[in-house]
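Every chain is numbered from 1 and lettered A, B, ... according to where its sequence line falls, protein lines coming before strand lines.
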Amino acid sequence: MKQNLFKLLLPLSALFLTGLSGCGGNDAPEKGKIAVVISTLNNPWFVVLGESAKARAEELGYEAVVFDSQNNSSKETEHFDNIIASGFKAILFNPTDANGSIVNVRAAKEAGIPVFCMDREINARGLATCQILSDNFSGCVQLGQQFVKTTNRKGKYAELLGLVGDNNTWNRSKGFHTVVDNYPELEMVAQQSADFDRNKAMEVLESILQAHPDISAVFCGNDAMAMGAYQAVLAAGKTKQIAVFGFDGADDVIKAIKEGKIEATGMQSPIIMAKTAAELADRYLKGDRDFPKKVPIAVDMVTIDNVDQYLQN
Amino acid sequence: MKMNRKKAIYTVAGIAVGAFCLYHSVYITSLSARNEELMRQNFKPEQTVAHFWENDLEGLLEKAVELRTFDSLLVRNPQSLAQSYGKTLGIGAPYSIIVRGTGTIDSIGNERIYLHPVSAPEPGGKPRVYAIQTAFIFSNTVREASGAFHIDDFENTMDFNLISAELNRRIVEEVAAPMAEKLKPGEQVDFYGAADVHPGKAVPVVMDVVPLRLTVAAYGQQ
């Protein structure tokens, strides 16, 4: 009898508790948790990406948690293991490596968790639910055209590449070279990786300048490296001789363009990418499956001619 | 003495063999060249573009919007022009449109053929000029306007970008450059091409057209 009463009360109490939780006004626990996994929070651009994704996911009623992979694929795998075990509903993901991160996305997919890549892609089709990416190639085509104009189509130059395992590194470099390689009097005397890192870029360019003191420009695969490169140029007393180009649209580089220190950058939109990823995740969790696998976001070039419209108040 | 000489000969021979082996075991190339080579091993944009060029281009040209319609909508209602005739990719990119028309050559520059304006300028404004690009074509205009290539069909965005690079190379080599050498100011040119429209931005004074077909009455051939 007691057992029968217990059996009757159990579902009733569960119903009562469910009802109570619905009266809380905050529906976050009901909607669930979204993980925001970022390649590194050691770069202000990625901080904006992560924070914007978190903010939009929270606006949409989810609890959002940011994970920092510290540019380390093993760390990223640990995060994915935790995320899968902790019952997250979706992952807004900025991969560390186009190939190395595939295994993590596959694990999430097998666990039934949709993954929305932001800014960086993985080299696999059918695993990520959607990849929201900057159109790096076209952005760097524009920068290449500006580069040709600034250098007057001739002279020696250096290129600082980002992480060798990241597709963005090569999309940017390829876009740039698609233009610049058409001009035979422009000679690339050095091409080295500085891992998208400001300090490394400074060190790399310092050593390049020792071997090639006569370069007239340096093209950097991101703004952090552009700032590092500018420091090396400044230390060498060659700010009038060497034009520095970046990519990202980071605040400090926009200010540097206004001050005449950096020549140009490509304005990516981390906020648009992050918001789009969070909104697509929300649509997916509500049952919508009708959206493209890849969504490129256009990149605008910023130079002294239009920098005022990008300066933050 | 003899032993020392023999030793020296062996040493020199050893160094020579070692240097030969080392020279042929290490191959230095730039990072970008290596990466491009690896990508090209997997994907052949030439084949994909050749298929489009030989099978789909003709049908695409039949859908071109006439230049006067294009020009009129560009000024009066660029949003409608983009929505009705344009194709775009992702968020924030221009709309790319296939256009056809006839114009009289005003001047010929290193990278463009400038045509006489097709319409009177707005009051107080400059006349709008259509410029056919003949060299250094880098945009995605034709890839997007064609509607023949979809980003989701490609393994990664680099492969997708290589399509644009190959289309542009083919256009310069097979369409633009051969004609640019023959043309003169004052001649009339019939063209099919692709142009970008940014509905949110001011209408440019010089409107670039990436040529897909150029015909001059005097020559009667492409």
Side-chain angles (χ1 to χ4, degrees), chain A residues 98-99 120-126 130-138 140-142 144-145 148 153 159 161-162 164-165 167-183 188 190-193 221 267-269 272-273 275-276 291-300, chain B residues 28-40 42-43 45 87-96 110-111 133-141 143-144 149-169 172-173 177 196 198-202 208:
Chain A
N99 293 313
R120 291 177 175 178
E121 69 181 328
I122 55 163
N123 287 335
R125 274 189 283 173
C130 182
Q131 305 201 61
I132 301 108
L133 313 162
S134 274
D135 192 350
N136 291 282
F137 182 89
S138 304
C140 285
V141 164
Q142 292 178 64
Q145 288 170 307
V148 167
R153 305 175 176 213
E159 181 184 5
L161 298 164
V164 177
N167 282 12
N168 286 352
T169 295
W170 299 110
N171 277 324
R172 290 172 195 176
S173 181
K174 177 74 185 168
F176 172 73
H177 283 286
T178 295
V179 179
V180 174
D181 291 358
N182 288 285
Y183 299 88
M188 184 170 71
Q191 183 193 47
Q192 289 186 37
S193 171
M267 173 58 76
Q268 295 196 88
S269 305
I272 292 177
M273 271 190 273
K275 282 174 75 172
T276 306
F291 42 77
K293 289 282 175 196
K294 281 183 185 165
V295 180
I297 311 275
V299 173
D300 291 329
Chain B
I28 297 171
T29 183
S30 78
L31 284 169
S32 60
R34 175 71 185 141
N35 193 59
E36 198 171 318
E37 188 191 322
L38 285 173
M39 293 225 177
R40 283 186 176 274
N42 296 330
F43 177 66
K87 294 191 174 66
T88 191
L89 175 72
I91 298 170
Y95 286 80
S96 303
N110 286 336
E111 300 174 13
Q133 291 183 268
T134 53
F136 305 119
I137 300 170
F138 305 119
S139 67
N140 298 320
T141 314
R143 185 191 68 192
E144 291 317 308
F149 306 98
H150 302 284
I151 190 169
D152 288 350
D153 296 337
F154 293 83
E155 191 70 26
N156 55 52
T157 48
M158 178 59 88
D159 290 353
F160 190 53
N161 292 328
L162 290 174
I163 292 290
S164 271
E166 173 60 14
L167 275 169
N168 294 339
R169 183 198 65 77
V172 169
E173 286 183 9
D196 281 340
H198 298 262
K201 294 185 180 173
D208 276 335

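With values rounded to the nearest 0.5 angstrom, A/W170 atom CH2 is found 14.0 Å from B/T157 atom OG1. Separating the CD atom in B/E144 from the OG atom in A/S138 is a distance of 8.5 Å, to the nearest 0.5 Å.
Proximity to chain A is limited to the backbone of B/F154, based on heavy atoms less than 4.5 angstrom apart. Residue contact with chain B, scored on non-hydrogen atoms closer than 4.5 Å, involves the backbone and the side chain of A/V179 alike. When heavy atoms are compared at a cutoff of 4.5 Å, A/D135 approaches chain B solely by way of its side chain, counted from C-beta outward. Interface residue A/T276: only side-chain heavy atoms are found under 4.5 Å from chain B. A/Q145 touches chain B through its side chain: at least one heavy atom from C-beta onward sits under 4.5 Å away, while N, CA, C and O do not. Only the side chain of B/N140 comes within contact range of chain A, with at least one heavy atom under 4.5 Å from a heavy atom of that chain.
Shortest non-hydrogen contact noted between B/L162 and A/K174 is CD2-CE, 3.5 Å.
Ranked by heavy-atom pairs under 4.5 Å with chain B, the list A/N182, A/I132, A/V295 is led by A/N182. The candidate from A/N171, A/T178, A/L133, A/T169 with the greatest count of non-hydrogen atom pairs under 4.5 Å with chain B is A/N171. Interface remark: of the candidates A/G144, A/A98, A/A298, A/A124, A/A298 forms the most heavy-atom pairs closer than 4.5 Å to chain B.
Remark: A/K294 engages A/E121 in a salt bridge (Lys or Arg N to Asp or Glu O under 4.0 Å) (not counting sequence neighbours).
Side-chain contact between B/I151 and A/P296 is present, with heavy atoms from C-beta onward closer than 4.5 Å.
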